[in-house]
Amino acid sequence: MEVASELSLPVSPQAAAAYRYCEAVTGAQARNFSYGIRLLPAPKRRAMSAVYALARRIDDIGDGEWSDERKAEHLGLTRAMLDEIREGAVEAEDTDPVKVALADACSRFDIPLDALDELIDGVEMDVRGAEYETFDQLRVYCRCVAGTIGRLSLGVFGCTDPKRGAEFADTLGLGLQLTNILRDVREDAANGRTYLPAEDLARFGCEQGFLGRPAPGADFTGLVLFEARRAQDYFDEGLLLLPMLDRRSRACVAAMAGIYHRLLQRIVREPEAVLRGRVSLPGWEKAYVALSGLATGGAA
């Protein structure tokens with residue numbers, strides 16, 4: 001639900017400049033996300049860019065070259081910034097454009113900032129080098145790093161059934177994050193990270209990891225297809241969110257989900273491709289999916 005009509009509150013010059021910065025960050029760094037938010041009307045597009053810019057900053061802290069202690073310090077500073085926004089204590093002249101833009105967006109939309117705290121929780125799991133014995137444990141991580149983005153988005157989009165909508169957004173985020181994990185399995189292994197649950201690795205004889213060829217006797221293809229079926233189930237359930245959104249928001253979600261779903265299908269067709277490098281879609285195909293979503297009103 002929007003707390004105020006975005007048209008009734010003029011955008012200050014400082015906020016306008018801050019939004020332009022966030023939109024530039026989104027356009028430059030959001031490989032898939034930006035295709036969807038381009039379909040939104042300007043006020044919602046600006047707000048989503050502000051949300052993305054802070055989410056990107058949080059991710060970059062976790063993935064950067066700093067020591068774990070410095071990462072923890074900066075994640076703590078980000079939590080303090082969220083408190084400033086909650087308290088309405090951000091000055092228009094603040095020198096951090098992401099803070100200014102997000103504070104302005106929160107004055108227009110019911111954005112659940114607690115979800116950004118959960119995103120920080122997920123990044124802190126990465127900093128600690130958390131591994132996951134069971135899928136239930138991995139689900140908690142996925143909710144933090146992906147489901148949160150869905151719930152933040154609903155705060156901007158609006159939803160006819162907020163409670164069920166948030167549940168579907170979490171579920172859709174789980175499908176997207178599992179797709180990310182499959183896509184990045186080789187890159188993550190090279191960085192010493194394993195996200196797939198240990199119980200699944202053992203089930204398919206893949207305990208020895210993913211660098212180079214699978215170990216003799218390992219059923220890597222079976223592992224990928226098993227996780228891909230999970231992701232597909234979450235896509236199917238999560239997309240029940242679409243009828244709860246207005247047409248432009250529905251098209252935005254359909255575009256982002258459609259891009260990831262096509263990526264998942266590509267992985268299913270050739271599971272071992274993820275061992276050779278990052279599987280991706282060409283820009284023209286992403287644009288086609290986005291425009292198709294707009295043309296059909298976001299029909300799944």
Side-chain angles (χ1 to χ4, degrees), residues 19-60 63-64 98 101 145-146 149-150 152-153 156-157 169 172-188 190-191 224 227-228 231-232 234-235 238-239 241-242 245 247-300:
Y19 279 129
R20 286 195 294 272
Y21 172 85
C22 293
E23 289 183 301
V25 169
T26 302
Q29 299 190 40
R31 294 188 182 96
N32 298 321
F33 190 80
S34 63
Y35 284 89
I37 67 172
R38 290 174 190 171
L39 306 178
L40 295 170
K44 291 184 179 183
R45 185 173 65 247
R46 289 194 298 262
M48 288 300 296
S49 293
V51 168
Y52 176 83
L54 184 56
R56 178 75 268 161
R57 178 182 294 179
I58 293 168
D59 281 345
D60 286 346
D63 291 338
V98 177
V145 299
I149 303 302
L152 288 160
S153 300
V156 176
F157 297 158
L172 185 57
L174 189 49
L176 268 61
Q177 189 61 27
L178 282 175
T179 302
N180 268 341
I181 288 170
L182 291 174
R183 178 195 66 188
D184 296 341
V185 68
R186 180 177 181 273
E187 179 181 335
D188 289 333
N191 291 327
V224 171
E227 303 297 352
Q232 180 63 58
Y234 289 123
F235 273 111
L239 286 171
L241 171 65
L242 294 181
L245 306 177
R247 181 176 181 273
R248 298 275 291 272
S249 300
R250 189 163 62 243
C252 174
V253 174
M256 290 188 286
I259 288 168
Y260 276 91
H261 190 246
R262 284 196 174 213
L263 182 62
L264 180 66
Q265 291 174 320
R266 187 159 295 186
I267 291 170
V268 167
R269 286 197 299 269
E270 191 180 359
E272 291 200 7
V274 298
L275 296 177
R276 298 194 293 271
R278 174 176 286 208
V279 178
S280 62
L281 302 182
W284 68 263
E285 189 170 355
K286 294 178 183 180
Y288 171 78
V289 173
L291 291 174
S292 296
L294 184 60
T296 61

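None of these values were measured; they are calculated from a predicted model.
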If we only count heavy atoms from C-beta on, is the [X] to [Y] side-chain gap below 4.5 Å?
| X | Y | answer |
| --- | --- | --- |
| Leu172 | Val253 | yes |
| Arg278 | Asp184 | yes |
| Met48 | Leu40 | yes |
| Val268 | Gln265 | no |
| Gln232 | His261 | yes |
| Ser49 | Ile37 | yes |

Closest contact, heavy atoms only, [X] versus [Y]:
| X | Y | answer |
| --- | --- | --- |
| Gln177 | Val145 | CD-CG2, 3.7 Å |
| Tyr19 | Ala47 | CE2-N, 4.2 Å |
| Ala231 | Thr179 | CB-OG1, 4.2 Å |
| Pro271 | Arg269 | CD-C, 3.8 Å |
| Val98 | Ala53 | CG2-CB, 4.0 Å |
| Arg248 | Pro41 | NH2-N, 3.3 Å |

[atom1]/[X] to [atom2]/[Y] distance, rounded to the nearest 0.5 angstrom?
| X | Y | atom1 | atom2 | value |
| --- | --- | --- | --- | --- |
| Thr26 | Phe33 | OG1 | CZ | 7.0 Å |
| Leu263 | Leu182 | CG | CG | 9.0 Å |
| Ile259 | Leu264 | CD1 | CG | 14.0 Å |
| Gln29 | Asp59 | CD | CG | 10.0 Å |
| Cys22 | Arg57 | SG | CZ | 8.5 Å |
| Leu176 | Arg183 | CG | CZ | 10.0 Å |

I'd like to know if the side chain of [X] reaches the main chain of [Y], judged simply by a donor and an acceptor atom lying under 3.5 Å from each other, with no hydrogens or angles considered.
| X | Y | answer |
| --- | --- | --- |
| Lys44 | Phe157 | yes |
| Arg45 | Leu39 | no |
| Ser249 | Leu245 | no |
| Arg266 | Ser280 | yes |

### Message
Going by the rule ring-ring contact (aromatic ring centres under 6.0 Å, His included), which residues pair with Tyr234 if we only count those two or more places apart in sequence or in a different chain?
### Response
none

### Task
Might you work through the side-chain contact (heavy atoms from CB on, under 4.5 Å) test for Ile149 and Tyr52, ending with a clear yes or no?
CA-CA 8 Å; Ile149 303 302; Tyr52 176 83; over 6 Å; no

### From CA spacing to verdict: side-chain contact (heavy atoms from CB on, under 4.5 Å), Arg186, Val274
CA-CA 7 Å; Arg186 180 177 181 273; Val274 298; over 6 Å; no

### Steps toward side-chain contact (heavy atoms from CB on, under 4.5 Å) verdict (Ile181, Glu227)
CA-CA 10 Å; Ile181 288 170; Glu227 303 297 352; over 6 Å; no

